[in-house]
Amino acid sequence: MLNNLEEQAWIARCKLLGDEKAFTYLVRRYHKRILRFFLMLTNGNQADSDDLAQETFIKVWRRMDSLQQFSNFSTWLYRIAYRVFLDYSRTTDHVTVTEDENLPEMGFSDDSSENLQIEERNNIVRLALAQLPENERTCMVLFYIQELSIKEIEKITSFSAGTVKSYLSRGRENLRKHSFLKELIHDEKR
């Protein structure tokens with residue numbers, strides 16, 4: 001994993017020299033996170049998430065010169081990804097999960113593999129998130145899944161801190177209705 005100084009060097013090479021190899025390193029570092037972000041927002045739609053991630057990195061490459069010298073690259077990247085998602089959500093009819101759809105409870109047999117448990121848990125979390133309004137879901141994904149701070153979410157979404165906290169509070173309240181999710185959700189502290 002790159003430390004911040006190394007990351008800044010790769011970013012500088014991209015900005016100043018148009019170094020595609022440096023950009024490839026940045027894409028490798030952030031691709032899984034951005035893909036997971038889109039998977040959670042598109043209710044697990046792999047094809048759309050792949051397309052959105054690709055579109056995000058194309059926009060990042062084209063806009064590297066607009067990244068401020070002392071800006072946080074990951075926050076800037078998520079801001080672009082969020083904007084790509086907003087464009088997608090405005091132009092796409094997506095399948096939404098109705099609120100009365102029952103989520104399966106987590107109950108694993110002793111012979112379940114750990115990977116199967118993780119996959120099942122992720123599917124249940126994705127279904128639960130799909131029941132939330134888009135802004136709540138976005139804030140919940142950025143805070144709980146991507147582990148970003150409220151300040152970073154403010155910069156990404158352009159919501160005020162109070163609005164972010166409100167969306168998180170409402171999202172937590174909605175998700176706590178599902179007993180399995182109670183243990184995954186904590187109050188914001190970042």
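You'll find the ring centres of Phe85 and Tyr82 outside the 6.0 Å limit.
Between Leu26 and Cys14, the shortest heavy-atom distance links the atoms CD1-SG, 3.8 Å. For Phe57 against Phe23, the heavy-atom pair with the smallest separation is O-CZ, 3.2 Å. Taking every heavy atom of both residues into account, Met40 and Arg137 meet most closely at O-CD, 3.7 Å. For Ala22 against Asp19, the heavy-atom pair with the smallest separation is N-OD1, 3.2 Å. For the residue pair Ala130 and Asn43, the shortest heavy atom distance occurs at CB-OD1, 2.9 Å. Considering all non-hydrogen atoms of both residues, Asp87 and Arg90 come closest at OD1-NH1, 3.1 Å.
In summary, the side chains of Gln146 and Arg33 do not present any donor paired with an acceptor at a separation below 3.5 Å, with no hydrogens or angles considered. Defined by atom type and a distance below 3.5 Å, a donor-acceptor pair is missing between the side-chain atoms of Thr24 and Arg28. Counting only N and O atoms by type, the side chains of Gln131 and Asn174 include no donor and acceptor under 3.5 Å apart. Of the N and O atoms on the side chains of Gln46 and Ser49, not one donor lies less than 3.5 Å from an acceptor on the other residue. A donor atom on one side chain and an acceptor atom on the other are found under 3.5 Å apart for Arg83 and Ser158. With 3.5 Å as the limit, one finds a donor-acceptor pair spanning the side chains of Arg172 and Tyr144.
In this structure, Val27 is a member of the same hydrophobic cluster as Leu52, with clusters built from ILVMFWY side-chain heavy atoms closer than 4.5 Å. Tyr167 and Ile145 fall within a single hydrophobic cluster, where Ile, Leu, Val, Met, Phe, Trp and Tyr are joined by side-chain heavy atoms under 4.5 Å apart, directly or via other members. When the side chains of ILVMFWY residues are joined at heavy-atom separations under 4.5 Å, either directly or via intervening members, Leu77 and Trp61 end up in a single hydrophobic cluster.
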Between Thr157 and Leu142, does a side chain to side chain contact (heavy atoms under 4.5 Å, CB included) hold up when you go through it step by step?
-> CA-CA 10 Å; Thr157 62; Leu142 289 169; 4.0 Å; yes
Worked verdict on Leu132 versus Leu129 for side chain to side chain contact (heavy atoms under 4.5 Å, CB included) = CA-CA 5 Å; Leu132 298 177; Leu129 286 169; 3.8 Å; yes
For the pair Val60 and Leu67, evaluate side chain to side chain contact (heavy atoms under 4.5 Å, CB included) and give the outcome as yes or no after the intermediate values.
-> CA-CA 9 Å; Val60 166; Leu67 175 64; over 6 Å; no
Please report the C-alpha distance between Phe73 and Tyr30 in whole Å, then the side-chain angles of each, then the deciding distance to 0.1 Å, and finally whether the ring pair (Phe, Tyr, Trp, His ring centres under 6.0 Å) criterion is met.
-> CA-CA 10 Å; Phe73 178 76; Tyr30 288 99; 5.4 Å; yes
Verdict with reasoning, Glu55 to Asp51, per side chain to side chain contact (heavy atoms under 4.5 Å, CB included) | CA-CA 6 Å; Glu55 185 177 341; Asp51 290 346; over 6 Å; no
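If you run ring-ring contact (aromatic ring centres under 6.0 Å, His included) between Tyr78 and each of Phe143, Phe37, Phe38, only Phe37 comes through.
Here the side chain of Thr163 pairs no donor or acceptor atom with the backbone of Phe159 at under 3.5 angstrom. Listed for the Lys155 side chain is no donor-acceptor partner under 3.5 Å among the backbone atoms of Trp76.
For the pair Tyr88 and Val84, the minimum side-chain heavy-atom distance is 4.5 Å or more. By the 4.5 Å heavy-atom criterion applied to side chains, Glu134 and Leu86 are counted as neighbours.
Atom NZ of Lys59 is surrounded by more than 12 heavy atoms from other residues, nucleotides or ligands within 6.0 Å.
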